[in-house]
Amino acid sequence: MSTVSGTSNATTNYKPVKFVLWLIIVSVVMMFAGLTSGYIVRQAEGNWTDFQLPEIFWVSTVLILSSSFTMHWAYLATKKSAQQQQKLALWITFGLGVGFLVCQWYAWLNLVNQQIYLAGNPSGSFLYIISGLHGVHIVAGLVLILSSLIGSYTKISVEKNVFRVEITATFWHFIDILWIYLFVFLLLNH
């Protein structure tokens, strides 16, 4: 695609994708702000079962924080055209993301062992919904990582490769920060 002056306009074509990504991020922030606000309001009404937060949430938090570092490594490697480092960092990030989801599954099993269910007391319902919706966003992030990995194994342009990883890194760092917020919120308000 060319502009009137005849120069390439490839970079400009990425702006709508970045705009949509930021719209998604703002929407997700609003959704979780609503959920955490609802949590506080509903908790104040009473009939709230106290239970132990699954300790594996600590492990999942370490995994997600580690994945932020490996995602940043992937981004820096991509900008330097260090494809082997990029691939390694993306694969490690993907593995850490899957590990996070496995930890969340075990957290849910722990809740079931405590006889806390989705359809039960609102305290458990909120925890399942909050962690489950975050898990859905982790899955979306894993799809983006796979897209970036596919790009790293194919002959796409350097610019397109960097753009894919940049979008992936932005979203991945966002869901990492979101989990830290949610985990601290649950620790303080549980």
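The first residue in the sequence is number 1, and the count goes up from there.
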Without placing hydrogens or testing angles, list every side-chain donor-acceptor pair under 3.5 Å for residues 102-110, not counting sequence neighbours.
{"unit_1": "Gln104", "atom_1": "OE1", "unit_2": "Ser60", "atom_2": "OG", "d": "3.1"}
{"unit_1": "Trp108", "atom_1": "NE1", "unit_2": "Ser131", "atom_2": "OG", "d": "2.8"}
{"unit_1": "Asn110", "atom_1": "OD1", "unit_2": "Gln114", "atom_2": "NE2", "d": "2.6"}

Distance, nearest 0.5 Å, that separates CG of Leu35 from CE of Met30
12.0 Å
Sequence neighbours left out, what passes ring-ring contact (aromatic ring centres under 6.0 Å, His included) with Phe51? Give chain and number order.
His190
Restricting to side chain to side chain donor-acceptor pair (under 3.5 Å), what partner residues turn up for Lys18, sequence neighbours left out?
Glu166
Can you sort out the partners of Gln115 under side chain to side chain donor-acceptor pair (under 3.5 Å), two or more places apart, ordered by chain and number?
none
Does the side chain of Phe94 reach to within under 4.5 Å of the side chain of Val98, using non-hydrogen atoms?
yes
Taking atom CZ of Phe163 and atom OG1 of Thr78, what is their separation to the nearest 0.5 Å?
13.5 Å
Students often mix this up, so state it plainly: with edges at 30° and 60°, are the rings of Trp179 and His134 parallel, tilted or perpendicular?
tilted
When the ring planes of His72 and His173 are compared, do they come out parallel, tilted or perpendicular, using 30° and 60° as the limits?
tilted
I'd like to know if the side chain of Ser152 and the backbone of Lys87 have a donor-acceptor N/O pair within less than 3.5 Å.
no
Donor-acceptor pairs under 3.5 Å, side chain of residues 180-189 to any protein atom, not counting sequence neighbours: which ones?
{"unit_1": "Tyr181", "atom_1": "OH", "unit_2": "Thr36", "atom_2": "OG1", "d": "2.8"}
{"unit_1": "Asn189", "atom_1": "ND2", "unit_2": "Phe185", "atom_2": "O", "d": "2.9"}

Is it true that a side-chain atom of Tyr128 and a backbone atom of Ile116 form a donor plus acceptor pair closer than 3.5 Å?
yes
How many angstroms lie between CZ in Arg164 and CD1 in Ile145, if you round to the nearest 0.5 Å?
13.5 Å
Could you tell me whether the side chain of Trp172 reaches within less than 4.5 Å of the side chain of Ser67, counting heavy atoms only?
yes
Does the Thr70 side chain pair with the main chain of Ile92, one donor and one acceptor, at a distance under 3.5 Å?
no
Between Ala169 and Met71, the two heavy atoms sitting closest are CA-CG, 3.7 Å
Taking every heavy atom of Gly97 against every heavy atom of Ile138, the minimum-distance pair comes out as O-CG2, 3.9 Å
Derivation and outcome, side-chain hydrogen bond (donor to acceptor under 3.5 Å, both in side chains), residues Gln86 and Asn161:
CA-CA 10 Å; Gln86 174 193 356; Asn161 189 27; 3.1 Å; yes
Give me the other members of the hydrophobic cluster that Leu23 sits in, counting Ile, Leu, Val, Met, Phe, Trp and Tyr linked by side-chain heavy atoms under 4.5 Å, directly or via other members.
Phe19
Ser147 OG to Ile167 CD1 distance, which is reported to the nearest 0.5 Å
10.5 Å
Do Leu111 and Leu118 touch side chain to side chain, with heavy atoms closer than 4.5 Å?
no
Flag the pair Thr170 / Ile25 as yes when at least one side-chain heavy-atom distance between them is below 4.5 Å, and no otherwise.
yes
Is there a side-chain contact between Ile64 and Leu96 in this structure, where contact means two heavy atoms from C-beta onward sitting under 4.5 Å apart?
no
Considering all heavy atoms, the nearest Leu63-Phe100 contact:
CD1-N, 3.8 Å
Quick check for you: to the nearest 0.5 Å, what is the distance between Leu21 atom CG and Leu144 atom CG?
8.0 Å
On a heavy-atom basis, which atom in His137 and which in Phe171 lie closest, and how many Å separate them?
O-CE2, 3.4 Å
Please report the shortest heavy-atom distance between Ala89 and Trp73, naming the atom on each side.
CB-CE3, 3.3 Å
Testing the 3.5 Å rule here: is there a donor-acceptor pair between the side chains of Ser148 and Thr168?
yes
Between Phe57 and Leu53, which heavy-atom pair has the shortest distance, and what is it?
CE1-CD2, 4.1 Å
